[in-house]
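Down below is the structure, laid out as structure tokens.
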Amino acid sequence: MNHREQRNLANEKRKMREALLAKRMQIPHAAMLSASQSVARQFADHPILAFTPSFAGYRAMRGELDVTEIFKLMARFEKQTALPCVTPEKSLIYRAWTLADPLTRHSLGMEEPLAEAPEMVPAIILVPLLAFDGEGYRLGYGGGYYDRTMEAMRTLEKPPLFIGVGYSLQEVDLVPTDERDATLDGILTELGVSMF
């Protein structure tokens, strides 16, 4: 990809990010709460997701679909659960975390487990997004943290499944991509689960 194509792609992504972030921020609070409860039920009803021995979520920010209800609903099954932590290499590691555990705030603004929480590789990793398409591509905030994490973790002997989480209205016909963009293994919205 030449310099002009890269610039055009960056512009396309920026415009889509701005549009989708604005669209997401217009979702009424009651609809956000309803979607959060719905994704928890979708998770609990799906054979692959429900029977996973461990999973990681994220702490919702900027109108992201909140996955706290999944942690609440699945707590009775005593699965190992985790949250992401940002590394100096601008990727993510996962540390064990439950609803009862404390959190600290990273300089980027996200809440994460304390540094002494044990590191783990969850079987399923829930990934926030701004947009997704039917091919499994996602659009994030542009930092590449999840793309680098997916690329690295897919080299493991037992790589996790990466499941994007978003509102159904965040689906687009085509997410603009290049060779650095990793694909998801599935999508979880308030309407259901799609595996790729």
Side-chain angles (χ1 to χ4, degrees), residues 13 16-17 20 24 35-36 39-40 42-62 64-71 73-74 79-87 89-97 106 108 110-113 119-168 170-172 174-196:
K13 286 186 172 186
M16 187 175 278
R17 273 189 196 101
L20 269 293
R24 193 173 70 189
S36 181
V39 295
Q42 301 290 353
F43 187 102
D45 288 343
H46 193 273
I48 295 173
L49 305 185
F51 292 103
T52 184
S54 59
F55 70 90
Y58 56 86
R59 297 292 286 176
M61 49 194 251
R62 292 195 266 186
E64 290 170 345
L65 209 160
D66 192 348
V67 295
T68 305
E69 292 299 319
I70 297 176
F71 281 86
L73 193 60
M74 301 306 285
K79 297 175 187 294
Q80 285 188 296
T81 52
L83 286 179
C85 296
V86 177
T87 71
E89 297 77 37
K90 296 189 173 179
S91 65
L92 303 168
I93 58 168
Y94 288 83
R95 294 192 183 280
W97 182 81
H106 187 272
L108 292 175
M110 59 189 274
E111 292 180 312
E112 53 184 39
E119 197 175 326
M120 62 180 278
V121 178
I124 286 174
I125 293 177
L126 301 176
V127 180
L129 47 79
L130 278 169
F132 67 92
D133 66 21
E135 300 294 312
Y137 284 101
R138 69 178 275 279
L139 186 70
Y141 295 114
Y145 290 88
Y146 278 98
D147 290 312
R148 283 187 286 275
T149 303
M150 285 190 258
E151 185 182 5
M153 286 187 148
R154 282 177 171 152
T155 65
L156 298 174
E157 191 179 328
K158 291 183 91 174
L161 286 177
F162 292 91
I163 310 296
V165 180
Y167 303 96
S168 56
Q170 291 175 275
E171 184 171 8
V172 296
L174 195 67
V175 170
T177 60
D178 63 20
E179 65 281 352
R180 294 168 297 180
D181 294 303
T183 55
L184 297 161
D185 298 299
I187 287 285
L188 170 61
T189 74
E190 78 279 12
L191 301 181
V193 181
S194 299
M195 301 301 285
F196 298 113

(request) Could you tell me which residues satisfy side-chain contact (heavy atoms from CB on, under 4.5 Å) with L191, sequence neighbours excluded, listed by chain and number? (result) S168, T189

(request) Taking side chain to side chain donor-acceptor pair (under 3.5 Å) as the test, write out the residues that go with R24, two or more places apart. (result) Y141

(request) Applying side-chain contact (heavy atoms from CB on, under 4.5 Å), name anything that partners M61, two or more places apart in sequence or on another chain. (result) E64, M110

(request) Can you tell me which residue pairs pass the side-chain hydrogen bond (donor to acceptor under 3.5 Å, both in side chains) test with a partner in residues 149-163, sequence neighbours excluded? (result) R154-D185

(message) Please enumerate all residues that pass side-chain contact (heavy atoms from CB on, under 4.5 Å) together with A152, with sequence neighbours excluded.
(response) none

(request) With sequence neighbours left out, write down each residue that passes side-chain contact (heavy atoms from CB on, under 4.5 Å) with D181, or none if nothing qualifies. (result) K13, Y137, D147, T177, D178

(request) With sequence neighbours excluded, give me every side-chain hydrogen bond (donor to acceptor under 3.5 Å, both in side chains) pair touching residues 49-61. (result) R59-E111

(request) Heavy atoms only: give me the nearest E112-P84 pair and the separation to one decimal. (result) CB-O, 3.3 Å

(message) Between L20 and L139, is there a side-chain heavy-atom distance shorter than 4.5 Å?
(response) no

(message) For A44 versus A50, what's the shortest heavy-atom pair and its separation?
(response) O-CB, 3.2 Å

(message) Run the side chain to side chain donor-acceptor pair (under 3.5 Å) test against K79 and tell me which residues pass, sequence neighbours left out.
(response) none

(message) Can you give me the closest heavy-atom contact between G57 and L83, atom names plus distance?
(response) C-CD2, 3.7 Å

(message) Looking at every heavy atom in both R17 and G140, which two are closest together, and how far apart are they?
(response) NE-O, 2.7 Å

(message) Do L188 and H46 have side chains that approach each other closer than 4.5 Å (heavy atoms only, starting at C-beta)?
(response) no

(request) For the residue pair M195 and I48, establish whether any side-chain heavy-atom pair is separated by less than 4.5 Å. (result) yes

(request) Give a yes or no answer on whether the side chain of S91 reaches the backbone of R148 with a donor-acceptor pair at less than 3.5 Å. (result) no

(request) Ignoring hydrogens and angles, tell me if any N or O in the side chain of Q170 forms a donor-acceptor pair with the backbone of L129 under 3.5 Å. (result) yes

(message) According to ring-ring contact (aromatic ring centres under 6.0 Å, His included), who are the partners of F55, at least two apart in sequence or on a separate chain?
(response) F43, F71

(message) I want to check something: taking the side chain as every heavy atom from C-beta on, are I125 and M153 in contact at a cut-off of under 4.5 Å?
(response) yes

(request) Considering non-hydrogen atoms only, spot the tightest contact between V175 and R138 and give its length. (result) CG1-O, 3.8 Å

(message) Return the OH to OG1 distance between Y94 and T81, rounded to the nearest 0.5 Å.
(response) 13.0 Å

(message) Restricting to side chain to side chain donor-acceptor pair (under 3.5 Å), what partner residues turn up for Q42, sequence neighbours left out?
(response) none

(request) Calculate, to the nearest 0.5 Å, the distance between atoms CG and CG belonging to L184 and D133 respectively. (result) 9.0 Å

(message) For E69, give me all partners under side chain to side chain donor-acceptor pair (under 3.5 Å), at least two apart in sequence or on another chain.
(response) K72

